[in-house]
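Positions are given from 1, in the same order as the sequence printed here.
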Amino acid sequence: MNSKITIIGAGSVGATIAYSLTKEDIASEIVLIDVNKKKVAGEVMDIEQGTCFRNPISIIAGTYEDAKDSDIVIITSGIARKPGQTRIELTKTNVEILKSITPDIVSQAPNALYIIVSNPVDIMTYVFTKVSGLKESQIIGSGTILDTARLRCGLSQHFSVAQKNIHAYVFGEHGDTSFIPWSGAYISGMKVDEYWQLMKKFEKNLEIIDKDEMLTYVQKSGGQIIANKGATFYAVSTAVCNLCNILLASDESITTVSSMMHGEYGIEDVCLSTLTLVGPNGIQGKVPMHLTDEEIMKLRKSADALKAVIAEIEI
């Protein structure tokens with residue numbers, strides 16, 4: 001594809017996104033920017049030396065000026081989450097970092113679509129929406145696309161069924177107040193509990209799913225990975241590359257990204273994830289999924305938790 005993608009931040013996530021993009025025909029130009037010039041130069045050299053096995057692609061360690069005419073800008077900059085640290089605890093430092101870089105990148109790429117990956121991603125998406133001066137349709141928080149991927153992985157393992165047959169989502173904050181709207185969770189057109197009943201008829205020895213345990217798996221996977229290896233970057237990089245594919249495709253897709261709420265489910269002035277129509281023109285709007293009253297209350301609880309944090313930061 002003849003597209004240009006700029007990545008701000010060459011840490012584990014940013015560098016892995018750059019590497020992952022070179023493994024697919026998503027972009028013809030990649031710009032990687034970081035305040036640590038030595039680190040970003042090393043990352044680019046390492047990635048570039050593996051591109052001889054694919055169609056030609058340009059990848060450079062650049063400056064904000066090199067981001068000019070980017071189709072997509074991916075923001076990963078910020079301090080990484082430490083073992084035992086919540087995403088919310090990162091907020092104040094990472095918000096200040098985001099505010100400092102926003103004028104520089106937006107002035108160079110005012111027409112780009114922006115993917116916010118930095119944590120806590122919902123707060124960062126909200127702040128960027130408020131300070132960038134860009135249209136809301138241009139700003140896409142990675143939101144719960146990773147949580148949704150973890151959910152589908154967990155369901156796939158439980159039911160021994162391909163992930164492509166699973167349509168289930170995680171809504172709300174990318175964090176501790178996220179939830180699974182089970183009323184809209186399907187495996188090959190059947191609700192999860194119905195599918196379990198069907199498998200019993202096929203004499204499959206499957207336990208009924210523990211829904212609370214599955215939510216815990218989704219919410220705590222990131223922390224477990226960080227405790228085991230120090231950082232998470234493979235799955236989120238794959239999720240972001242998939243989002244880039246969606247933004248550069250000819251047709252639109254529906255996915256769980258974080259964006260501003262405007263009265264949907266009775267929620268205003270906060271960014272969180274529900275089903276969203278996304279495509280080459282960015283975010284087109286929220287797709288209303290029928291939620292139970294209990295699920296709506298969980299979504300509002302997630303929104304209130306994020307608003308409480310927003311109230312404590314300076315935008």
Side-chain angles (χ1 to χ4, degrees), residues 7-9 11-14 17 73-102 114-132 136 139-151 169-180 215-216 218-227 230-233 235-237 239-240 243 255-261 267-274 276 283 298-315:
I7 303 164
I8 313 295
S12 296
V13 172
I17 291 172
V73 174
I74 303 168
I75 298 180
T76 73
S77 51
I79 304 301
R81 184 160 61 113
K82 298 179 177 65
Q85 185 182 37
T86 68
R87 291 181 178 88
I88 297 302
E89 290 171 341
L90 294 173
T91 302
K92 290 185 178 179
T93 298
N94 283 353
V95 162
E96 290 306 313
I97 293 172
L98 180 66
K99 286 163 60 178
S100 70
I101 68 173
T102 296
Y114 283 77
I115 301 176
I116 312 301
V117 183
S118 306
N119 274 321
V121 67
D122 302 290
I123 304 296
M124 301 291 272
T125 303
Y126 180 87
V127 171
F128 190 78
T129 301
K130 293 295 185 180
V131 305
S132 67
E136 289 184 8
I139 304 167
I140 306 106
S142 58
T144 60
I145 54 173
L146 176 57
D147 311 69
T148 294
R150 287 170 173 160
L151 171 61
Y169 309 92
V170 177
F171 276 23
E173 172 202 3
H174 174 56
D176 295 338
T177 63
S178 65
F179 72 98
I180 302 166
L215 178 60
T216 298
V218 169
Q219 292 179 336
K220 303 304 181 184
S221 289
Q224 184 62 56
I225 293 167
I226 291 169
T232 65
F233 41 86
V236 66
S237 299
V240 171
L243 186 51
T255 187
T256 52
V257 294
S258 185
S259 63
M260 191 68 74
M261 301 290 286
I267 299 170
E268 294 268 5
D269 195 37
V270 69
C271 292
L272 47 68
S273 293
T274 63
T276 307
I283 286 181
K298 289 179 179 179
L299 188 62
R300 291 176 180 173
K301 179 181 178 181
S302 192
D304 289 343
L306 288 167
K307 287 183 176 183
V309 177
I310 290 169
E312 296 179 8
I313 62 177
E314 184 177 340
I315 300 177

Do Glu136 and Ile283 have side chains that get closer than 4.5 Å, going by heavy atoms? no
Minimum heavy-atom distance Ile139-Ser259, with the two atoms named: O-CB, 4.5 Å
Let me confirm one number: the CG-CD1 distance from Asn119 to Ile79, rounded to the nearest 0.5 Å. 12.5 Å
Spatial distance of atom CD (Glu312) from atom NZ (Lys307) [nearest 0.5 Å]: 15.0 Å
For Lys130, check side chain to side chain donor-acceptor pair (under 3.5 Å) against everything at least two apart and list the hits. Asp269
Taking C-beta and beyond as the side chain, do Leu306 and Met261 meet within less than 4.5 Å on heavy atoms? no
Derivation of the side chain to side chain contact (heavy atoms under 4.5 Å, CB included) call for Leu299 and Leu272: CA-CA 9 Å; Leu299 188 62; Leu272 47 68; 4.0 Å; yes
How close do Thr125 and Val121 get, heavy atom to heavy atom, and via which atoms? OG1-O, 2.6 Å
Rounded to the nearest 0.5 Å, how far apart are CD1 of Ile101 and OG of Ser77? 3.5 Å
I'd like to know if the side chain of Thr256 pairs up with that of Ser273 as donor and acceptor (distance under 3.5 Å, no hydrogens or angles considered). no
How are the rings of Phe171 and Phe179 set relative to one another: parallel (under 30°), tilted (30 to 60°) or perpendicular (over 60°)? perpendicular
Say you draw a straight line from CD1 of Ile310 to SG of Cys271; how long is it, rounded to the nearest 0.5 Å? 7.0 Å
When you compare the side chains of Ser178 and Asp147, does any donor N or O come within less than 3.5 Å of an acceptor on the partner? no
Identify the heavy atoms of Ser118 and Thr76 that sit nearest to each other, and give their distance. OG-C, 3.1 Å
For a quick test of reading the model, state the closest non-hydrogen atom pair linking Lys99 to Val127 and the distance between them. CG-CG1, 4.0 Å
Starting from the C-alpha separation in whole Å, work towards a yes-or-no answer on side chain to side chain contact (heavy atoms under 4.5 Å, CB included) for Ile115 and Val117. CA-CA 6 Å; Ile115 301 176; Val117 183; 3.9 Å; yes
Ser258 versus Asp122, closest heavy-atom pair with distance: OG-OD1, 2.8 Å
Step by step, would you call Ile180 with Tyr169 a side chain to side chain contact (heavy atoms under 4.5 Å, CB included)? CA-CA 6 Å; Ile180 302 166; Tyr169 309 92; over 6 Å; no
Pick from Val309, Ile116, Leu98, Val270: which one makes a side chain to side chain contact (heavy atoms under 4.5 Å, CB included) with Ile123? Val309
For Asp176, is there any backbone N or O sitting under 3.5 Å from a side-chain donor or acceptor partner on Gln219? yes
Could you measure the distance from the CD1 atom of Ile7 to the CD1 atom of Ile74? Nearest 0.5 Å is fine. 5.0 Å
Under the side chain to side chain contact (heavy atoms under 4.5 Å, CB included) criterion, do Ile315 and Tyr126 qualify, and how do the steps go? CA-CA 10 Å; Ile315 300 177; Tyr126 180 87; 3.6 Å; yes
Can you give me the closest heavy-atom contact between Ile145 and Val257, atom names plus distance? CG2-CG1, 3.9 Å
Approximate separation, where rounding is to 0.5 Å, of Arg150 CZ and Thr144 OG1: 11.0 Å
